[in-house]
Amino acid sequence: MNTQTCTGHRSQRGMSLVELMLSMLLSAFLLILVVTMFTATRRSSAFDVQMLLMQENGRFAMRQMVHAMEMAGFYGALLDTSLIDTSGTSLSEDCGAPATNWGLDLTLDELEFVNDATSSDTDDYACLDAEDIVAGSDLIAVRYVSGTPLATLTAGGTYLRGDRQTGTIFQDTTPPALPTGVVQDWRYQVKLFYVQPWSQTVGDGIPSLCIKRLATDDTTFETQCLAEGIELIHFEFGVDSDDDLVVDYYTGSPSNSEIRDSVQVRIYMLLRSIETVADYTNEKAYQMGDRAEAARNDGYLRRVLASSVTLRNSDKLKIQAIVD
């Protein structure tokens, strides 16, 4: 009897050194790809967030300024400010040069403009300090009354009470003796727009569009910052030199007489992101009408926002309204 003994055996094989190296190389490649995609997505997300915030702040700031320009020179039903009595009012803390009663002086123009402001211009505005303004940005002051009459008055506020013939500027809730009869009360407003090189604290490096405005419940000027990331503002006035109510030319450095002859104004804002974007260098130059801004070569996003406004309450358009 033949007996056969069969010995079974298993073939056990591991990864060879070459296969192991290829596997590690592929894993490293995939890891690098994932990290690269994550970094790119994160950078793109940061770019989009900064761009969106910059545009939203810019649009809000532009709306505020356009509204003020449209309202400049509006005094209710009164077209002639010489018919308005201001003798019974004063401010406990003014914004103009000392002893000028600047905020309530209606003999001044409804638009008061400073081209390319410097620290020395703060001498004309007591409510501004040199550290409050960005040198080279424009300043503009606007005077008008609220767009609709008021039903109630706020203690400490400044108002215009008028009919179609005369008016009186008064303060607090006690109305003046004149005018009488059918009258309306309007909130009197003065706003000085400027760009501040900081936002929350001096030196934080976040430029902001701010205003010094006549307080709504006090006889002083208060500060209100409208939007962060506004680096510069610039204006060009559309001058009607031949009284046909059509702009003949635009100028960014108008004289007082050219401002009075203006029927339109172009507003330019140079917007800047609040934070820098990683691995980004802004090498772009920007044009703001007749003003060129060189590239900053930093990591901030920027863009120019522009709008054109008809000065519908300017003296020329008021006269046209009377004729019509």
Side-chain angles (χ1 to χ4, degrees), residues 46-66 68-69 111-122 125 128 130-142 192-199 202-211 225-239 247 249-255 258-259 262 264-309:
F47 186 99
D48 292 342
V49 167
Q50 289 299 313
M51 180 65 74
L52 179 61
L53 181 61
M54 179 177 68
Q55 292 176 335
E56 287 182 348
N57 285 351
R59 282 194 290 263
F60 175 78
M62 183 63 79
R63 283 197 300 269
Q64 299 298 310
M65 190 163 286
V66 166
M69 297 299 108
L111 286 175
E112 190 172 321
F113 175 70
V114 178
N115 180 45
D116 294 349
T118 65
S119 58
S120 62
D121 290 307
T122 58
Y125 300 101
L128 286 176
E131 65 185 11
D132 291 337
I133 64 171
V134 170
S137 185
D138 295 347
L139 304 178
I140 196 164
V142 187
L192 173 63
F193 290 85
Y194 64 100
V195 175
Q196 184 173 273
W198 50 277
S199 175
V202 176
D204 63 20
I206 303 175
S208 303
L209 178 66
C210 302
I211 57 175
C225 285
L226 300 175
E228 295 180 330
I230 313 301
E231 197 166 44
L232 284 174
I233 54 175
H234 178 60
F235 301 87
E236 290 182 347
F237 289 81
V239 182
V247 174
Y249 62 92
Y250 285 90
T251 175
S253 54
S255 64
E258 286 177 316
I259 293 176
S262 296
Q264 284 189 345
V265 63
R266 289 173 176 169
I267 307 172
Y268 298 93
M269 290 184 181
L270 181 59
L271 312 181
R272 198 207 76 179
S273 60
I274 306 301
E275 300 176 358
T276 58
V277 177
D279 301 323
Y280 171 79
T281 301
N282 189 337
E283 300 175 340
K284 299 176 183 177
Y286 297 90
Q287 195 70 34
M288 304 170 67
D290 61 0
R291 176 175 183 150
E293 286 296 316
R296 306 293 203 271
N297 296 309
D298 56 19
Y300 291 102
L301 303 177
R302 288 180 179 83
R303 67 168 297 183
V304 173
L305 192 62
S307 185
S308 182
V309 184

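Each of Q287, M62, M288 was scored for a side-chain contact (heavy atoms from CB on, under 4.5 Å) with Y268, with one residue passing: M288.
The distance from the CG atom of L209 to the OG atom of S199 is 11.5 Å, given to the nearest 0.5 Å. To the nearest 0.5 angstrom, R59 atom CZ is 9.5 Å from L271 atom CG. Rounding to the nearest 0.5 Å places CG of L305 at 7.0 Å from CE of M269. Within the model, atoms CG of N115 and CG of D138 stand 5.0 Å from one another, a figure rounded to the nearest 0.5 Å. A distance of 8.0 Å separates OG of S208 from CD1 of I230, quoted to the nearest 0.5 Å. With rounding to the nearest 0.5 Å, the separation of OH in Y249 from CZ in F237 is 12.0 Å.
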Please step through side chain to side chain contact (heavy atoms under 4.5 Å, CB included) for the pair I259 and E112, ending with a clear verdict. CA-CA 8 Å; I259 293 176; E112 190 172 321; over 6 Å; no
Yes or no on side chain to side chain contact (heavy atoms under 4.5 Å, CB included) for V114 and I140, after CA distance, side-chain angles and deciding distance? CA-CA 6 Å; V114 178; I140 196 164; over 6 Å; no
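For the pair T122 and L128, the tightest heavy-atom approach, listed with the atom from each and the gap, is CB-O, 3.6 Å. Of all non-hydrogen atoms in Y300 and S273, the two that sit nearest each other are CD2-O, 3.4 Å. Heavy-atom minimum distance, I133 versus A117: CD1-CB, 4.2 Å. Nearest heavy-atom pair across G203 and W198 is N-CB, 3.8 Å. Closest non-hydrogen pair, N282 versus A295, comes out as O-CB, 4.4 Å. Looking at every heavy atom in both residues, A68 comes nearest to V142 through O-CG1, 3.3 Å.
For the pair I274 and L53, the minimum side-chain heavy-atom distance is below 4.5 Å. At least one side-chain heavy atom of I267 sits less than 4.5 Å from a side-chain heavy atom of V309. Looking only at side-chain heavy atoms (C-beta outward), I211 and L192 stay at 4.5 Å or farther from each other. In this structure, the side chains of T281 and D298 stay at 4.5 Å or more apart for every pair of heavy atoms. Two residues are said to be in side-chain contact when any heavy atoms from C-beta on lie closer than 4.5 Å; S308 and Q264 meet this criterion. Two residues are said to be in side-chain contact when any heavy atoms from C-beta on lie closer than 4.5 Å; P207 and Q196 fail this criterion. Residues L232 and V195 form no side-chain contact, since every pair of their non-hydrogen atoms from C-beta on lies 4.5 Å or further apart.
Applying the salt bridge (charged side-chain N to carboxylate O under 4.0 Å, His left out) rule to pairs touching residues 264-276 yields E236-R266, sequence neighbours excluded.
At distances below 3.5 Å, at least one donor-acceptor pair connects side-chain atoms of S255 with backbone N or O atoms of E258. In this structure, the side chain of N297 does not engage the main chain of E283 through any donor-acceptor pair within 3.5 Å. In this structure, the side chain of N57 does not engage the main chain of M54 through any donor-acceptor pair within 3.5 Å. Panel note: side chain Q64, backbone A61; no donor-acceptor pair is recorded below 3.5 Å. Remark: side-chain polar atoms of S137 are paired, donor with acceptor, to backbone N or O of I233 under 3.5 angstrom. Proximity of a side-chain donor or acceptor of Y250 to a complementary backbone N or O of V265 within less than 3.5 Å is not detected.
Salt bridge status for R296 with E231: present, with a side-chain N to carboxylate O gap under 4.0 Å.
Ring centers of Y194 and Y125: at least 6.0 Å apart, outside the cut-off.
With sequence neighbours excluded, the residues satisfying salt bridge (charged side-chain N to carboxylate O under 4.0 Å, His left out) with D116 are R291.
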